[in-house]
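First listed ligand is number 1; within each ligand, the first listed atom is number 1.
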Amino acid sequence: MKKIAIFASGSGSNFQAIVDAISSDVLTAEVSLLVCDRSDAFAIKRAEHHSIPYFSFDPKNYLSKLEYEIDILEELQSRKVDFIVLAGYMRLIGPTLLKEYEGRIVNIHPSLLPAFPGKDAIGQALAAGVKVSGVTVHFVDKGMDTGPIIEQREVLLVEGETKESLQEKIHLVEHQLYPSVLQKLFTMNEVGGSKK
Ligand code: GRF
């Protein structure tokens with residue numbers, strides 16, 4: 001069974017959806033660790049509630065990304081983590097983790113990439129006046145939301161759509177899509193013969 005580490009910076013509703021999908025056998029995996037760059041993130045409360053270990057760090061206490069990623073890597077390796085699942089983690093992944101986990105880091109983004117990468121994708125979509133936005137699950141590379149796309153789902157915008165209403169619709173889609181994409185990915189990975 002794949003051991004995953006979920007990286008989050010905020011509410012962690014996607015973290016919750018993944019934990020719930022595992023409980024209800026929609027996803028076969030073990031959440032071995034939550035990695036969080038904010039000690040006040042609600043995601044940590046969720047991890048505590050489910051007795052999932054977490055590693056929380058303050059980037060300000062480190063000289064550089066290199067330094068904190070070395071600490072993260074140590075946490076991941078000591079728990080034999082197979083996959084890194086980014087879920088609202090507001091930082092770019094650096095070379096240390098990219099090298100060790102090449103092809104085994106995924107992210108979920110609230111737009112149809114390559115449209116609206118980076119921060120506030122929902123606000124960007126509204127400002128652009130699009131009628132269709134959505135959700136993308138993709139592999140992570142060194143760029144900002146630029147890695148190869150795995151799956152996408154459309155979300156339609158209605159008249160009078162607000163940031164809150166669109167975010168709610170996007171979250172509903174994310175909570176279903178992310179566990180199902182992970183399940184496919186992990187199954188393929190096993191069939192491919194790599195026991196990593
Ligand atoms: C999600 O919309 C995700 O697409 C984006 O950040 C948000 C995280 O939400 N990367 P949550 O913390 O999982 O509730």
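- S13 OG, 2.5 Å is the protein heavy atom nearest to atom 14 (O) of ligand 1.
- When hydrogens are left out, the protein atom nearest atom 8 (C) of ligand 1 is G88 CA, 3.6 Å; that is the closest non-hydrogen contact.
- Counting protein heavy atoms only, atom 4 (O) of ligand 1 is closest to E174 OE2, 2.4 Å.
- Ion pairing of K184 with E151 is present here, as a side-chain N (NZ or NE/NH1/NH2) and a carboxylate O approach within less than 4.0 Å.
- Distances below 4.0 Å separate heavy atoms of I108 from the following atoms of ligand 1: 3 (C), 4 (O), 5 (C), 10 (N).
- For ligand 1, the atoms sitting less than 4.0 Å from at least one non-hydrogen atom of H171 are 2 (O), 9 (O), 11 (P), 14 (O), numbered in the order shown with element in parentheses.
- Those atoms of ligand 1 that come under 4.0 Å of a heavy atom in H109, given as number and element, are 4 (O).
- Distances shorter than 4.0 angstrom occur between a heavy atom of P110 and an atom of ligand 1.
- Counting only distance, with no hydrogens or angles, the side chain of T136 and the backbone of L113 share a donor-acceptor pair below 3.5 Å.
- T28 is not listed as a side-chain neighbour of F186, based on a closest heavy-atom distance of 4.5 Å or more.
- Note: Y89 and F7 have perpendicular aromatic rings, judged against thresholds of 30 and 60 degrees for the angle between ring planes.
- Taking a cutoff of 4.0 Å between a charged side-chain nitrogen and a carboxylate oxygen, K163 and D120 qualify as a salt bridge.
- A side-chain N or O of S11 and one of R46 form a donor-acceptor pair less than 3.5 Å apart.
- From the protein, the heavy atom lying nearest to atom 12 (O) of ligand 1 is G12 N, 2.8 Å.
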